[in-house]
Amino acid sequence: MTDRSPLRDLSAPPFATRHIGPDDAEQARMLEAVGYASVADLVAVAVPELIRAEGPLELPGAASETEAIAELRALASRNQVLTSMIGLGYHDTITPAVIRRNLLENPGWYTAYTPYQPEISQGRLEALLNFQTVISDLTGLDVAGASLLDEATAAAEAMTLARRAGRAKSPVFVVDADTLPQTKAVLATRAEPLGIELAEADLAEGLPDGELFAVLVQYPGASGRLKDFRAVADEAHARGALVVAAADLLALTLTEAPGFLGADIAVGSSQRFGVPLGFGGPHAAYMSVREGLQRQMPGRLVGVSQDADGRPAYRLALQTREQHIRREKATSNICTAQVLLAVIAGMYAVYHGPEGLRLIARRVHRHAAILAAGLRGGGVEVVHDAFFDTVLARVPGRAAGVVSAARDRGVNLRLVDADHVGVTCDEKTTGDHLTAVWEAFGVDGVVLDDLDTAASDALPAELLRTTDYLTHPVFHSHRSETAMLRYLRRLQDKDIALDRSMIPLGSCTMKLNATTEMEPITWPELAGIHPYAPADQVGGYLALIGDLERWLAEVTGYDAVSLQPNAGSQGEFAGLLAIRAYHRANGELERDVCLIPSSAHGTNAASAVMAGMRVVVVACDDQGNVDVADLDAKIAKHRDRLAAIMVTYPSTHGVYEETITAICERVHEAGGQVYVDGANLNALVGLAKPGAFGADVSHLNLHKTFCIPHGGGGPGVGPVAVRAHLAPYLPGHPLEDDAPVGPVSAAPYGSAGILPISWAYVRMMGGEGLKAATEQAILSANYLARRLAPHYPVLYTGREGLVAHECIVDLRQITKETGVTVDDVAKRLVDYGFHAPTMSFPVAGTLMIEPTESEDLAELDRFCDAMIAIRGEIAKVASGAYDRADNPLRGAPHTADCLVADDWKHPYTRTEAAYPVPALREGKYWSPVRRIDQAYGDRNLVCSCPPLEAYED
Ligand SMILES: *Cc1c(COP(=O)(O)O)cnc(C)c1O
């Protein structure tokens with residue numbers, strides 16, 4: 001009995017069959033339900049001929065998982081991991097292994113979505129509240145948010161916050177000369193379109209004369225200098241200006257909090273709290289403000305409220321400030337933030353506690369103090385007497401030689417200029433590193449132990465911390481690894497992430513984040529690289545980045561790609577800046593109108609405002625398409641001032657608009673540029689290319705279409721892709737000020753550390769696999785629409801009643817007739833074990849469902865069955881079989897606690913509440929809280945850890 005099939009017929013199935021949920025047989029059943037003979041037939045009808053791309057994607061053939069990992073290993077080995085003492089706001093750190101494995105590398109944490117459905121997000125919301133408490137305590141300010149994108153953009157957000165909230169009319173923002181150079185560069189990019197004037201000043205000399213609306217101090221400075229800014233703050237306040245401090249969190253464990261020195265706003269990075277360098281990111285930045293400014297804060301803010309049973313429960317507070325609600329009047333364009341990284345930083349503080357953090361900070365400081373003493377002893381001039389972790393040495397004419405000698409000894413230093421070298425100590429610094437540095441400076445024979453006793457501290461007495469921090473029990477209760485492990489597990493268990501069930505969020509593309517894609521991100525050769533390490537040490541990263549840029553250009557039909565923007569919103573901003581710079585280069589300074597359809601994502605309008613544009617809204621017709629007559633009218637009205645149109649394709653209504661090419665032509669004819677928001681690229685990859693069907697620029701969301709996990713609300717990567725004429729205007733390098741447009745992120749390649757995820761995805765799918773994924777995504781959405789349509793009306797469809805990769809079900813009539821709202825359905829889905837679809841976007845009173853290609857037929861059916869069963873419950877409300885005010889929908893979600901209560905008073909049974917479909921008896925997700933009262937939490941705003949008594953009955 002021999003099977004002599006050749007080896008090629010025995011090869012493992014391609015990765016695409018793991019990524020794509022349905023197999024051939026399931027696909028055939030779905031096609032039958034939708035009424036098409038093949039996927040090609042379906043796509044031929046669904047996707048307009050006008051936009052279809054000819055021919056296959058020119059990408060390398062699909063690699064297996066094993067091959068892709070081997071290639072990534074080879075790339076990683078081309079990076080050289082030296083000891084980084086460069087500083088500049090990025091510090092090596094030890095990610096505690098219990099946190100690395102059980103949080104950073106754990107899909108229970110990294111595959112979660114932004115906590116917009118708070119009942120199923122209590123775990124990560126508690127973790128974020130810890131983060132906010134750390135920030136608020138260490139900075140000495142009242143309210144902290146749940147992460148910003150990086151320190152430089154956080155400083156820019158503080159600048160615009162101060163402009164909005166402050167009373168001063170002046171357009172001048174004064175920046176400390178000793179601010180991180182990349183922060184200055186990003187501030188310049190962000191200030192110019194808004195008419196803000198930056199004035200750099202050496203604040204050691206005091207605040208310069210003249211009007212200002214705010215001042216930014218770096219504490220400690222980029223040069224390491226630690227100085228008291230109380231006098232500057234007092235003077236600024238006396239002149240009606242606000243004070244922003246960019247502060248180092250580890251330094252703050254020893255030095256006085258900026259809030260007590262007079263800062264109104266503090267910003268900075270939490271990277272050195274256990275988050276790997278990753279060649280620049282992702283890391284969580286922070287912002288905290290004094291009481292009174294919280295309603296003006298950018299980004300997300302976790303707050304405490306209570307659930308239907310009056311128990312404390314967490315949820316996002318003050319959401320009415322955000323871009324998805326306020327659009328061009330939002331406090332900022334930030335949507336995706338850095339949740340996973342904020343959670344890591346918060347857990348680092350939970351694990352170490354205040355004493356542990358102080359110990360780390362003391363060790364860092366002592367290393368720096370000893371380093372300085374050794375240099376001085378060897379005749380090297382140390383510029384500043386007061387510092388925390390960074391020693392600035394003056395070596396006239398010798399700086400490059402010192403840096404190179406250190407490199408030969410395995411250490412990277414900062415070359416400040418021809419005469420100055422910066423040396424920064426961190427959690428990983430050892431005596432051997434100090435010896436290597438001394439040798440590089442030509443200082444020999446230093447005996448570390450002698451200096452250890454002799455060298456005095458370099459923290460000025462007037463800046464020593466006098467105030468307490470991290471007094472909450474959570475920072476004192478998880479000190480053993482066992483306790484930490486269980487705390488992480490307990491929080492994880494409260495949440496629904498992709499490791500439990502499908503997350504059908506329209507526009508968010510919650511698809512598989514494959515393990516093979518995720519594995520490389522914690523490899524030392526990728527995680528341990530400083531963003532400003534010398535280019536000859538990062539060959540592997542540069543090759544990987546080059547590959548990904550080329551592949552994304554091929555997929556989108558554009559000519560050039562920048563991976564710098566670290567969220568979709570930042571890609572939008574970068575793309576609009578490119579358009580703005582292009583018009584200016586053509587002498588068309590007056591072009592500042594940005595047309596945006598009413599269905600657009602809120603970030604679009606917010607980004608346009610940041611880029612100095614005026615938003616003009618274009619109406620949509622009954623079919624959900626851009627109203628071409630209104631578009632023509634708006635173009636005619638604003639013809640001479642038209643800068644751009646920003647359209648999402650396929651539209652957020654989930655349809656392929658037939659008129660897209662005509663829209664592009666009309667806007668071009670009027671001299672405008674076309675921005676296609678590429679967040680919905682999962683409906684296009686392999687089938688159509690925005691750069692080829694008429695658009696000039698797009699951003700993509702690698703955390704949607706290209707498999708970077710959502711992390712519970714970040715990180716993300718939002719590359720901007722452009723046609724050749726806009727390529728000169730892509731974001732510049734943060735430390736090289738020669739580009740026509742400045743940087744939009746602090747690091748040259750933004751969140752480089754997670755690019756291997758998207759690289760691996762494209763590498764393992766190949767052109768055919770990517771196309772197959774898109775086709776399946778379209779089929780799955782249409783299958784869902786077909787199954788749900790008899791029960792819920794599907795709002796918009798394109799040709800032959802087909803949708804694109806997502807569909808909107810309309811509950812407005814149901815709500816009118818029965819009082820059951822989208823909220824009720826969303827919360828009831830929790831009882832069925834599901835995360836709700838996108839609620840009330842882009843149309844209020846609807847649910848937008850995006851299944852993605854990764855869900856198999858059984859899971860799609862389980863979701864449809866739940867939706868249909870819920871429709872049956874709604875019917876009982878309509879018929880009177882269920883009470884209108886007290887029914888399983890209104891009561892959802894149900895906790896185990898409320899179900900076992902001795903006094904069950906509801907007219908429906910406990911079984912109806914808990915096990916509406918029998919399959920739930922096999923495995924049930926229990927919501928940890930009942931429905932959360934949103935308004936209560938906004939009225940009683942609490943944004944740091946509540947005392948334990950709050951949890952007592
Ligand atoms: C997700 C999304 C964005 C914003 O992306 P972020 O990464 O969250 O900033 C913009 N537009 C659309 C249509 C989106 O779905």
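Worth knowing before you read on, the calculation uses all heavy atoms, side chains too, and leaves out hydrogens, waters and symmetry mates. All residue numbers refer to positions in the sequence shown, counting from 1. Read the numbers this way: they start at 1 and go in the same order the structure lists the ligands and their atoms.
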Next on the checklist: In this structure, is the centre-to-centre distance between the rings of His324 and Tyr116 below 6.0 Å?
Outcome noted: yes
Next on the checklist: Using a 4.0 Å cut-off to any heavy atom of Gly568, which atoms of ligand 1 qualify?
Outcome noted: 5 (O), 6 (P), 7 (O), 9 (O)
Checklist entry - Does Asp677, backbone or side chain, put an N or O under 3.5 Å from an N or O of ligand 1? => result yes
Checklist entry - Can you list the steps and then say if Tyr796 with Val843 is a side-chain contact (heavy atoms from CB on, under 4.5 Å)? => result CA-CA 11 Å; Tyr796 300 116; Val843 183; 4.0 Å; yes
Item to check | Numbered atoms of ligand 1 (with element) below 4.0 Å of Glu572, judged on heavy atoms | outcome: 10 (C), 11 (N)
Checklist entry - When Lys511 is tested against each of Glu855, His19, Met502 for side-chain contact (heavy atoms from CB on, under 4.5 Å), which residue passes? => result His19
Next on the checklist: Evaluate His703 for polar contact with ligand 1, using N/O atom pairs at a separation under 3.5 Å.
Outcome noted: yes
Checklist entry - Do any nitrogen or oxygen atoms of Thr336 come within less than 3.5 Å of a nitrogen or oxygen of ligand 1? => result yes
Checklist entry - Can you find an N/O atom of Ser507 closer than 3.5 Å to an N/O atom of ligand 1? => result yes
Checklist entry - What protein heavy atom sits nearest atom 5 (O) of ligand 1, and how far away is it? => result Asn701 ND2, 3.2 Å
Item to check | Glu157 and Arg190 ion-paired at < 4.0 Å | outcome: yes
Next on the checklist: Please determine whether side chain to side chain donor-acceptor pair (under 3.5 Å) holds for the pair Ser507 and Glu806, giving the CA-CA distance in whole Å, both sets of side-chain angles, and the decisive distance to 0.1 Å.
Outcome noted: CA-CA 8 Å; Ser507 207; Glu806 59 194 8; 5.0 Å; no
Checklist entry - After noting the C-alpha distance and the side-chain angles of His710 and Tyr110, does the key distance pass the ring pair (Phe, Tyr, Trp, His ring centres under 6.0 Å) rule? => result CA-CA 7 Å; His710 283 251; Tyr110 67 68; over 10 Å; no
Checklist entry - How close does the nearest protein non-hydrogen atom get to atom 9 (O) of ligand 1, and which residue and atom is it? => result Ser569 N, 2.8 Å
Item to check | Ring centroid separation Phe573 to His699 under 6.0 Å | outcome: no
Checklist entry - With atoms numbered from 1 as shown, which atoms in ligand 1 lie under 4.0 angstrom from a non-hydrogen atom of Thr603? => result 3 (C), 4 (C), 10 (C), 11 (N)
Checklist entry - With only distance considered, is Ala679 within less than 3.5 Å of ligand 1 through an N or O on each side? => result no
Checklist entry - Any idea which protein heavy atom is nearest atom 2 (C) of ligand 1, and the distance to it? => result Lys704 NZ, 2.4 Å
Item to check | Glu192 bridged to Arg580 by N-O distance under 4.0 Å | outcome: yes
